[in-house]
Amino acid sequence: QVQLVESGGGSVQAVGSLRLSCSDSERTFSSYSITWFRQSPGREREFVAAVGWSGITSYVASVKGRFTISRDNAKNTVYLQMNSLKPEDTAVYYCAAGAVFTRIERLYPYWGQGTQVTVSS
């Protein structure tokens with residue numbers, strides 16, 4: 001059973017950086033696509049970035065050039081490096097795992113508990 005654990009959230013000032021991690025102990029982790037979603041108060045959860053088992057990546061337009069998703073399969077960990085953070089990046093960030101490389105939330109069966117990111121101006 002995949003159990004995802006996020007870490008690395010916190011509070012930072014605008015233009016600062018944070019690195020989120022998403023880990024799991026299952027050996028099948030490397031075969032999954034791992035995606036980060038985020039949800040701000042009063043807004044629907046939205047896609048942020050995804051990395052496939054092959055390393056292929058995808059980003060929402062608002063974070064391109066600022067965020068980088070990567071994976072270390074030896075450590076069963078996916079990272080989201082977030083640079084040049086803006087107040088509008090404030091949200092709870094969730095990682096999700098699934099068999100399909102997609103931005104569609106409902107196709108991800110496994111979810112972490114979320115980690116809060118707060119960016120102040």
Side-chain angles (χ1 to χ4, degrees):
Q1 180 73 19
V2 176
Q3 293 184 325
L4 303 175
V5 178
E6 300 112 332
S7 61
S11 297
V12 65
Q13 290 190 324
V15 308
S17 298
L18 284 173
R19 188 178 77 162
L20 305 183
S21 299
C22 173
S23 300
D24 177 68
S25 60
E26 290 290 321
R27 287 191 295 175
T28 55
F29 183 84
S30 62
S31 66
Y32 287 106
S33 290
I34 306 296
T35 295
W36 288 95
F37 294 87
R38 66 185 180 187
Q39 188 168 24
S40 306
R43 300 186 64 179
E44 292 188 354
R45 192 153 52 186
E46 66 169 348
F47 167 83
V48 177
V51 59
W53 64 267
S54 66
I56 188 173
T57 59
S58 179
Y59 298 92
V60 68
S62 61
V63 308
K64 277 185 179 178
R66 300 189 298 123
F67 291 11
T68 302
I69 190 170
S70 61
R71 67 190 305 159
D72 184 340
N73 289 332
K75 295 182 178 180
N76 278 7
T77 301
V78 166
Y79 303 100
L80 184 67
Q81 178 66 45
M82 306 186 294
N83 298 330
S84 301
L85 282 161
K86 304 175 181 180
E88 51 262 45
D89 294 318
T90 295
V92 177
Y93 283 70
Y94 300 88
C95 69
V100 181
F101 182 69
T102 178
R103 298 184 176 202
I104 302 174
E105 181 180 335
R106 61 180 173 82
L107 296 182
Y108 287 91
Y110 307 111
W111 290 80
Q113 79 287 353
T115 186
Q116 176 71 46
V117 172
T118 303
V119 184
S120 58
S121 58

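Since this is a predicted model, take the numbers as computed values, not measurements. Quick note: residue numbers are just sequence positions, from 1.
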*Is there a donor-acceptor contact under 3.5 Å linking the side chains of Asn76 and Ser23?*
no
*Side-chain contact test, heavy atoms from C-beta onward, threshold under 4.5 Å: evaluate it for Asp24 versus Gln3 and give yes or no.*
yes
*Beyond-backbone contact of Ile34 with Cys22, side-chain heavy atoms, under 4.5 angstrom*: yes
Which value, rounded to the nearest 0.5 Å, describes the distance between [X] atom [atom1] and [Y] atom [atom2]?
X: Thr115; Y: Leu80; atom1: OG1; atom2: CG; value: 11.0 Å
X: Asp89; Y: Ser62; atom1: CG; atom2: OG; value: 7.0 Å
X: Gln39; Y: Glu44; atom1: CD; atom2: CD; value: 8.5 Å
X: Ser30; Y: Lys75; atom1: OG; atom2: NZ; value: 15.5 Å
X: Leu85; Y: Ser121; atom1: CG; atom2: OG; value: 13.0 Å
X: Thr68; Y: Tyr59; atom1: OG1; atom2: OH; value: 4.5 Å

*Should we count CD of Gln116 as having more than 12 external heavy atoms under 6.0 Å?*
yes
*Just wondering, more than 12 heavy atoms not from Gln13 lying within 6.0 Å of its CD?*
no
Are [X] and [Y] connected, step by step, through hydrophobic side chains (Ile, Leu, Val, Met, Phe, Trp, Tyr) whose heavy atoms are closer than 4.5 Å?
X: Phe101; Y: Val51; result: no
X: Trp53; Y: Tyr32; result: no
X: Leu4; Y: Tyr79; result: no
X: Val12; Y: Val48; result: yes

Could you pull out the closest heavy-atom pair between [X] and [Y], with the gap in Å?
X: Thr28; Y: Ser31; value: O-OG, 2.7 Å
X: Pro109; Y: Gly98; value: CD-CA, 3.8 Å
X: Val117; Y: Gly9; value: CG2-CA, 4.2 Å

*In terms of ring plane angle, is the pair Trp111 and Phe37 parallel, tilted or perpendicular, where the classes change at 30° and 60°?*
tilted
*Report the relative orientation of the aromatic rings in Phe67 and Tyr93; use parallel for angles under 30°, tilted for 30 to 60°, perpendicular for over 60°.*
tilted
[Y] backbone acceptor or donor facing [X] side chain under 3.5 Å:
X: Thr102; Y: Val100; value: no
X: Tyr108; Y: Ser33; value: no
X: Glu6; Y: Leu20; value: no
X: Ser40; Y: Thr90; value: yes

*Do we get Arg71 above Phe29's six-membered ring, with its NZ or CZ under 6.0 Å from the centre and within 45° of the axis?*
yes
*asked:* For a side-chain contact (heavy atoms from CB on, under 4.5 Å) check, start with the C-alpha distance between Val63 and Arg38, then their side-chain angles and the critical distance, and finish with the verdict.
replied: CA-CA 12 Å; Val63 308; Arg38 66 185 180 187; 4.1 Å; yes
